[in-house]
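Working notes, beginning with the structure itself.
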Amino acid sequence: MTAAETFGRTIQLFLVDGTPNGLRKATIHGWTGLIFVATTSTFGALTSRRELDRTGIYLLAGPDPEKEGGTRVYIGSANSVQERIKQSAVQRDFWEIAIAVTTSDDDLSKGHVEYLEARLIELATQAQRVALDNGNNPASQRRRLPEADQANMEQFLANLKIMLPVIGLDLLKPQPRAASLVSTPVEQRTSGEVKFEMRHKTGVQATAVEEDGEFIVLEGSQALINTGHVQQSYGRLKKSLVDQGILVPSAPNMLVFAKPHAFNSPSAAAAVVLDRNSNGRIEWKVQGSRQSYHEWQQARIAVDGVSA
């Protein structure tokens with residue numbers, strides 16, 4: 001998002017049946033887009049909505065059966081979302097969340113939704129945050145749209161980029177620079193970021209940066225194994241990193257990060273590095289100092305409060 005686009009938005013979230021786990025309807029004030037979110041138990045309520053008998057797009061999301069801790073998503077478009085989403089749901093058993101997107105004024109054409117479908121698949125493929133269940137990439141088959149229509153659909157897509165994370169599906173967010181630009185030297189791709197380190201008494205050493213809410217452990221960092229902490233909550237995540245080749249053997253009872261990896265919190269990163277449940281806010285220190293992540297964060301909050 002550019003500096004010109006960083007302004008507040010009013011998001012309207014309606015609980016259709018009045019319960020937090022029921023069917024939800026969401027939109028942005030002043031936008032004609034309508035987003036409905038359902039679970040497997042509220043799917044019937046979703047498909048009974050009259051608004052879904054319109055041209056639109058839809059997504060089915062759930063745990064990836066082929067990757068521990070991963071997410072699998074199917075993206076589709078249809079002249080009648082109501083009918084097509086039911087067909088797609090029957091054909092797939094991984095999904096737990098169904099998202100349908102139409103408009104309040106029914107002004108999307110077949111060409112519009114095919115364009116949106118292709119762009120969503122393209123962006124999700126680039127972001128690499130989910131596994132796509134789509135058998136083919138329709139980018140090359142995307143219907144050509146007049147220039148004005150393309151601009152309108154890109155604006156529609158910009159609103160979807162805001163709404164999807166709000167409703168719990170952050171599949172379009174680009175990977176952090178520190179994790180994605182692996183061909184660029186570490187010092188260049190982490191320039192300007194505060195570096196954190198762990199120098200533990202066990203001998204394990206690790207370095208990380210925080211970028212846009214994600215905690216990235218850099219390549220070359222070490223991680224313990226075989227510590228005997230059988231209750232380690234992040235054991236499955238660690239096994240997944242080993243299976244993906246992100247963590248590789250380097251020494252007895254030690255692994256090394258062959259490539260950087262973005263964690264959702266400092267504690268998740270610390271747990272993988274130390275092979276036990278850990279408070280990453282205490283374990284990680286600002287590089288070259290004894291200031292913990294927690295202390296650094298509190299100092300930053302204080303500075304931001306004064307400047308505000």
Side-chain angles (χ1 to χ4, degrees), residues 1-2 5-13 20-21 23-28 31 33-40 46 56-77 85 92 94-101 116-134 137 153-181 193 208-217 234 236-237 240-241 244 246 260-269 272 280:
M1 183 173 287
T2 66
E5 295 174 317
T6 53
F7 47 82
R9 305 290 182 96
T10 299
I11 293 175
Q12 299 170 329
L13 181 64
N21 298 320
L23 181 66
R24 290 172 287 162
K25 178 181 177 181
T27 190
I28 296 176
W31 180 45
L34 295 178
I35 301 177
F36 291 91
V37 186
T39 62
T40 52
L46 171 71
I57 57 175
Y58 62 93
L59 302 91
L60 299 172
D64 185 356
E66 299 177 5
K67 180 182 177 182
E68 186 68 43
T71 301
R72 181 170 289 269
V73 175
Y74 177 78
I75 301 171
S77 65
I85 195 172
R92 294 165 177 83
F94 67 85
W95 70 274
E96 295 179 351
I97 300 294
I99 299 170
V101 183
L116 290 172
E117 175 192 8
R119 288 286 284 132
L120 284 172
I121 291 173
E122 180 183 11
L123 292 172
T125 300
Q126 293 172 356
Q128 296 183 340
R129 292 186 176 274
V130 301
L132 290 176
D133 201 62
N134 295 71
N137 187 336
M153 290 305 99
E154 288 298 325
Q155 181 58 55
F156 196 96
L157 187 63
N159 285 328
L160 282 179
K161 289 179 181 179
I162 294 172
M163 293 297 292
L164 288 175
V166 171
I167 60 179
L169 188 58
D170 197 3
L171 79 165
L172 304 180
K173 181 181 178 182
Q175 292 285 343
R177 293 176 65 254
S180 60
L181 303 180
E193 303 291 348
V209 296
E210 187 176 57
E211 184 180 333
D212 198 17
E214 296 183 89
F215 201 80
I216 303 100
V217 176
Y234 291 93
R236 290 184 176 181
L237 171 60
S240 176
L241 296 180
Q244 295 174 63
I246 295 173
H261 182 74
F263 292 87
N264 60 15
S265 71
S267 292
V272 168

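Everything numeric here is computed off the predicted structure, so don't read it as measured data.
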Does a side-chain heavy-atom distance below 4.5 Å link Leu46 with Ile85? yes
Atom pair CG/CG of Leu157 and Leu123 - distance to nearest 0.5 Å: 5.5 Å
Of the non-hydrogen atoms in Leu171 and Arg129, which two are nearest, and what is the gap between them? O-CB, 4.4 Å
Looking at Phe215 and Ala208, what are the two nearest heavy atoms and their distance? CE2-CB, 3.4 Å
So which heavy atom on Leu23 is nearest to which on Val37, and how close? CD1-O, 3.3 Å
Can you name the nearest heavy-atom pair linking Pro176 to Ala262, along with the distance? CG-CB, 4.2 Å
Salt-bridge present (Lys173, Glu214; N to O < 4.0 Å): yes
Decide yes or no on side chain to side chain contact (heavy atoms under 4.5 Å, CB included) for Val101 and Tyr58, but give the supporting numbers first. CA-CA 6 Å; Val101 183; Tyr58 62 93; over 6 Å; no
Can you tell if the side chain of Ile97 reaches within under 4.5 Å of the side chain of Leu169, non-hydrogen atoms only? no
Does His261 reach the side chain of Leu241, with side-chain heavy atoms less than 4.5 Å apart? yes
Ring-face cation contact, Phe36 with Arg24, 6.0 Å cut, 45° max: no
Just do the side chain to side chain contact (heavy atoms under 4.5 Å, CB included) check on Gln155 and Trp31 with the steps written out, would you? CA-CA 10 Å; Gln155 181 58 55; Trp31 180 45; over 6 Å; no
Residue from Leu13, Ile167, Ile11 passing side chain to side chain contact (heavy atoms under 4.5 Å, CB included) with Ile35: Ile167
Can you tell me how far the CG atom of Asn159 sits from the CD1 atom of Ile28, to the nearest 0.5 Å? 4.0 Å
Of the non-hydrogen atoms in Asn134 and Val73, which two are nearest, and what is the gap between them? OD1-O, 4.0 Å
A side-chain contact here means heavy atoms from C-beta on lying under 4.5 Å apart; do Arg119 and Glu154 qualify? yes
Distance-minimising heavy-atom pair for Ala98 and Trp95: CB-CZ3, 4.0 Å
So, the side chain of Glu96 versus the backbone of Ala61: is there a donor-acceptor pair under 3.5 Å, distance only? no
State the OG-OH distance between Ser240 and Tyr234, to the nearest 0.5 angstrom. 14.0 Å
Distance-only donor-acceptor check, side chains Ser180 and Gln175, under 3.5 Å: no
Is any side-chain heavy atom of Asp64 less than 4.5 Å from a side-chain heavy atom of Thr71? no
A side-chain contact here means heavy atoms from C-beta on lying under 4.5 Å apart; do Gln244 and Lys67 qualify? yes
NZ/NE/NH1/NH2 to OD/OE distance under 4.0 Å, Glu193 and Arg177: no
Might you work through the side chain to side chain contact (heavy atoms under 4.5 Å, CB included) test for Ile75 and Leu132, ending with a clear yes or no? CA-CA 8 Å; Ile75 301 171; Leu132 290 176; 4.0 Å; yes
Distance (rounded to the nearest 0.5 Å) between Leu172 CG and Glu122 CD: 11.0 Å
Taking only Lys NZ, Arg NE, NH1 and NH2, and the carboxylate oxygens of Asp or Glu, determine whether Arg92 and Asp133 approach each other closer than 4.0 Å. yes
Please report the C-alpha distance between Ile57 and Leu160 in whole Å, then the side-chain angles of each, then the deciding distance to 0.1 Å, and finally whether the side chain to side chain contact (heavy atoms under 4.5 Å, CB included) criterion is met. CA-CA 11 Å; Ile57 57 175; Leu160 282 179; 3.8 Å; yes
Non-hydrogen side-chain atoms of Arg72 and Pro65 separated by less than 4.5 Å: yes
Distance from Phe94 atom CZ to Glu66 atom CD, nearest 0.5 Å? 10.5 Å
